[in-house]
Amino acid sequence: MDQQQQQGPDASAARRMATLASHLRPHPASHPQVEDVPLLRGSNCRAKGAAPGFKVAILGAAGGIGQPLSLLMKMNPLVSVLHLYDVVNTPGVTADISHMNTGAVVRGFLGQPQLENALTGMDLVIIPAGVPRKPGMTRDDLFNINAGIVHTLCEGIAKCCPNAIVNVISNPVNSTVPIAAEVFKKSGTYDPKRLLGVTTLDVGEVLGLDPREVNVPVIGGHAGITILPLLSQVNPSCSFTLEEVKYLTSRIQNGGTEVVEAKAGAGSATLSMAYAAAKFADACLRGLRGDGGIVECSYVASQVTELPFFASKVQLGRGGIEEILPLGPLNEFERAGLEKAKKELGESIQKGVSFIIK
C-alpha cells in the first residue's frame with residue numbers, strides 16, 4: 001500500500017510533465033534526431049484551464065511573417081489550440097511562445113512527416129509559408145518556389161482538415177489562391193467559401209488620417225497594379241483631387257515594395273503583414289463564432305467580374321464567406337484602373353491554374 005501511495009504522486013507528476021512537454025517537442029518517432037526521453041514524449045492531453053475556442057494552425061510559423069503572426073494568434077482569446085508548423089526551427093519558436101501566459105495551448109510540428117499531425121482537427125489554417133521577396137524581385141519571381149510549397153501544404157489540408165477555413169498569405173497571392181483551389185478540386189474537398197487570400201492593407205497613414213478610424217475598400221489582387229484602392233468609397237468620406245488620387249494609389253500599390261527596399265535585403269513586409277493577417281484571422285474566427293456584420297476585403301473565388309478570382313468586400317460567417325458584396329459605384333479613374341488590374345490578374349490566375357493542371 002505504501003509503495004502504491006509513493007507511486008501515485010510520481011505517476012501524477014510524470015503525467016503533468018508529459019502534458020507540459022507535449023507541445024514543445026516533436027515526437028521522436030517521426031523525427032529521430034529529437035532525444036527520446038520518456039517524460040517528454042508527445043501527449044494529446046489538453047492543459048487544464050485552456051481557453052474554449054478554436055483550433056488554429058500556422059504553416060510557416062518560423063518565418064519572418066510566421067513568428068510575429070504566431071505571437072499575435074497566441075494572444076487571441078478565441079484560440080484554444082495553436083499548432084505551429086515549419087520545416088525548420090519550430091521547436092524553438094514553440095518553446096518561446098509557450099511562455100506567454102495566455103489561454104491557447106501551443107504545440108510545435110517540425111518537417112513534412114509531422115504535417116498531418118499539425119493539421120488534424122483544425123478550424124482555421126493560416127499559410128504564410130514560402131520565401132520572402134528581396135530587393136529587385138517581383139512577386140512572380142517567387143512563383144516557382146512558393147507554388148510548390150502551397151501545393152504540398154494544401155494536399156495536407158485536403159486530407160486532414162478539409163472543412164477548415166484557409167487563409168493564404170504566401171506570395172504571389174494572385175496565383176497561390178488559384179493553386180490552392182485546384183488542389184482542393186482534385187481532392188474533391190473544394191469549398192470556395194472557405195478559401196480566402198489575405199489582402200488586408202492599412203492605408204490610413206498614407207492618407208494622413210488615423211488608421212484606426214479609416215476604411216478603404218481595396219479590390220482586385222495583391223500585387224502592383226492589381227491592387228486598386230477605391231478612394232471614392234473611403235469611410236469616413238474624404239475628398240481628393242485627381243493628383244492626390246494618383247499619388248495615393250501609387251503609394252498603396254507599392255507599399256510592400258517600399259518596405260523591401262527600405263530593409264535593403266534584410267527582409268520584406270513581415271511585421272505589418274503579420275499584423276494584417278492576425279486581424280483578418282480574428283475576423284474569420286469571429287465569423288465562425290457566429291458574430292454578425294463582419295466585412296473584410298479578401299481575394300476569393302468571385303463573380304463580381306468575369307475573372308474567377310477577385311479581391312473585394314466579403315461578409316464572413318460560420319461557414320466562411322457568407323456573401324460577396326458588390327463593388328459599388330466607381331469613378332472614371334477607378335474604372336480605368338480596374339481594366340488594367342483585370343488584365344494582369346487574369347494572367348496570374350492562369351499561371352496558378354496551369355501549375356497544377358499540366
*Does the side-chain contact (heavy atoms from CB on, under 4.5 Å) test come out yes or no for Val259 and Met273, once each step is laid out?*
CA-CA 11 Å; Val259 175; Met273 189 63 240; over 6 Å; no

Is there a path of hydrophobic side-chain contacts, each under 4.5 Å between heavy atoms of I, L, V, M, F, W or Y residues, that connects Ile145 with Leu115?
yes

Closest non-hydrogen atoms of Ser70 and Ile97, given as atom of the first, atom of the second and distance, are CB-CD1, 3.3 Å

Quick note, salt bridge (Lys or Arg N to Asp or Glu O under 4.0 Å) partners involving residues 111-121, not counting sequence neighbours, are Glu116-Lys159

Margin query: Can you tell me if Glu306 has over 12 outside heavy atoms packed within less than 6.0 Å of its CD?
Written below: yes

Closest non-hydrogen contact found for Leu195 with Val177 is CD2-O, 3.6 Å

Using the rule that two of Ile, Leu, Val, Met, Phe, Trp, Tyr join whenever any of their side-chain heavy atoms come within less than 4.5 Å, decide whether Val304 and Leu196 are in one cluster. yes

Tightest non-hydrogen contact, residues Gly64 and Thr270, listed as O-CB, 3.3 Å

*Please determine if Glu339 and Lys342 form a salt bridge, counting it only when a charged side-chain N lies under 4.0 Å from a carboxylate O.*
yes

Find out if a path of hydrophobic residues (ILVMFWY) with successive side-chain heavy-atom gaps under 4.5 Å connects Ile225 to Leu338. no

Name each donor-acceptor pair under 3.5 Å that joins a side chain in residues 344-355 to protein atoms two or more places apart or in another chain, with its distance.
{"from": "Glu347", "atom 1": "OE2", "to": "Lys343", "atom 2": "NZ", "distance (Å)": "3.3"}
{"from": "Ser348", "atom 1": "OG", "to": "Glu344", "atom 2": "O", "distance (Å)": "3.3"}
{"from": "Gln350", "atom 1": "NE2", "to": "Ser354", "atom 2": "OG", "distance (Å)": "2.9"}
{"from": "Ser354", "atom 1": "OG", "to": "Gln350", "atom 2": "O", "distance (Å)": "2.8"}

Step-by-step salt bridge (Lys or Arg N to Asp or Glu O under 4.0 Å) determination, Asp291 to Arg289
CA-CA 6 Å; Asp291 294 9; Arg289 185 174 63 179; 2.6 Å; yes

Shortest non-hydrogen pair, Ala61 vs Val93, comes out as O-CG1, 4.0 Å

Scanning both residues in full, the closest heavy-atom pair of Ile165 with Cys284 reads CG2-SG, 4.3 Å

Result for side-chain hydrogen bond (donor to acceptor under 3.5 Å, both in side chains) between Tyr247 and one of Arg251, Glu243, Glu244 points to Arg251

query: Without hydrogens or angle criteria, can the side chains of Thr176 and Asn146 be said to hold a donor-acceptor pair below 3.5 Å?
result: no

Cys297 and Thr199 have their tightest heavy-atom pair at O-OG1, 3.7 Å

- request: Start with the C-alpha distance between Glu182 and Lys185, add both sets of side-chain angles, then the distance that settles salt bridge (Lys or Arg N to Asp or Glu O under 4.0 Å), and finish with yes or no.
  value: CA-CA 5 Å; Glu182 292 302 319; Lys185 286 176 186 177; 3.3 Å; yes

